[in-house]
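Numbering of ligands and ligand atoms starts at 1, following listing order. All values derive from a computational prediction rather than experimental measurement. The analysis underlying the following values was restricted to heavy atoms, covering all of them including side chains, and did not include hydrogens, waters or symmetry mates.
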Amino acid sequence: MSERDDHELRISKIQDGTVIDHIAGGHAPDVLAILGIDGSTDEVVSVGMNVPSDRLGHKDVVKIEGRELSQDEVDVISLIAPAASINIIREYGVAEKHRVERPAVVEGVLSCPNHDCITTDGEPVTSRFEVLDDGVRCAYCETILRENLTEHISV
Ligand SMILES: [Zn+2]
């Protein structure tokens, strides 16, 4: 068994759940924020930070037991961790492996910082952001968000 296989095994050793690998070093807390994991839930979560990585230099790894991520969650993760790979684990094995892809739009997951925007005005309008190369743009008021996306997550 090569070292690489051994490493893959080590990170996938949960029975059922999701392993988010190849998060840029230091960004695991952002991923946890997106997923609403703040210590108040009883999910079993393991976080590896600044693990040596061939591809990224250092990477973070998040393992969540008993939970498979939704496509919406994966879409938002892609905005802050574009190199991430998502491994769905069933019965201790990798059942599905996805590289994240930046979606063209994200709906219902970010809230617009513009208080005059129709999406923040109490109207039943789902937020909708177009994904740009360096940020996201509100489809209603064209406000652009480039940084601190995690502060605008409304999932
Ligand atoms: Zn807006």
>> Regarding Glu73 and Arg67, does a basic nitrogen lie under 4.0 Å from an acidic carboxylate oxygen?
In response: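 Between Arg67 and Glu73 there is a salt bridge, with a charged N closer than 4.0 Å to a carboxylate O.
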> Would you call Asp16 and Arg90 a salt bridge, taking side-chain N to carboxylate O under 4.0 Å as the test?
Replying inline: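 No, no charged N to carboxylate O under 4.0 Å.
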> Do Glu91 and Gln15 get their side chains close enough for a donor-acceptor pair, meaning under 3.5 Å?
Replying inline: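 Yes.
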>> Is a donor from one side chain sitting under 3.5 angstrom from an acceptor on the other, for His22 and Ser85?
In response: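 There is such a pair between these side chains.
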> Can you check whether Ile144 reaches Val136 side chain to side chain, under 4.5 Å on heavy atoms?
Replying inline: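 No, every pair of side-chain atoms sits at 4.5 Å or beyond.
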> Protein N, O or S atoms at less than 2.8 Å from the Zn ion (ligand 1), how many?
Replying inline: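 Considering protein N, O and S only, the Zn ion (ligand 1) has 4 within range.
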>> Ala24: which residues meet the side chain to side chain contact (heavy atoms under 4.5 Å, CB included) condition with it, sequence neighbours left out?
In response: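 For Ala24, the residues satisfying side chain to side chain contact (heavy atoms under 4.5 Å, CB included) (neighbours in sequence not counted) are His27.
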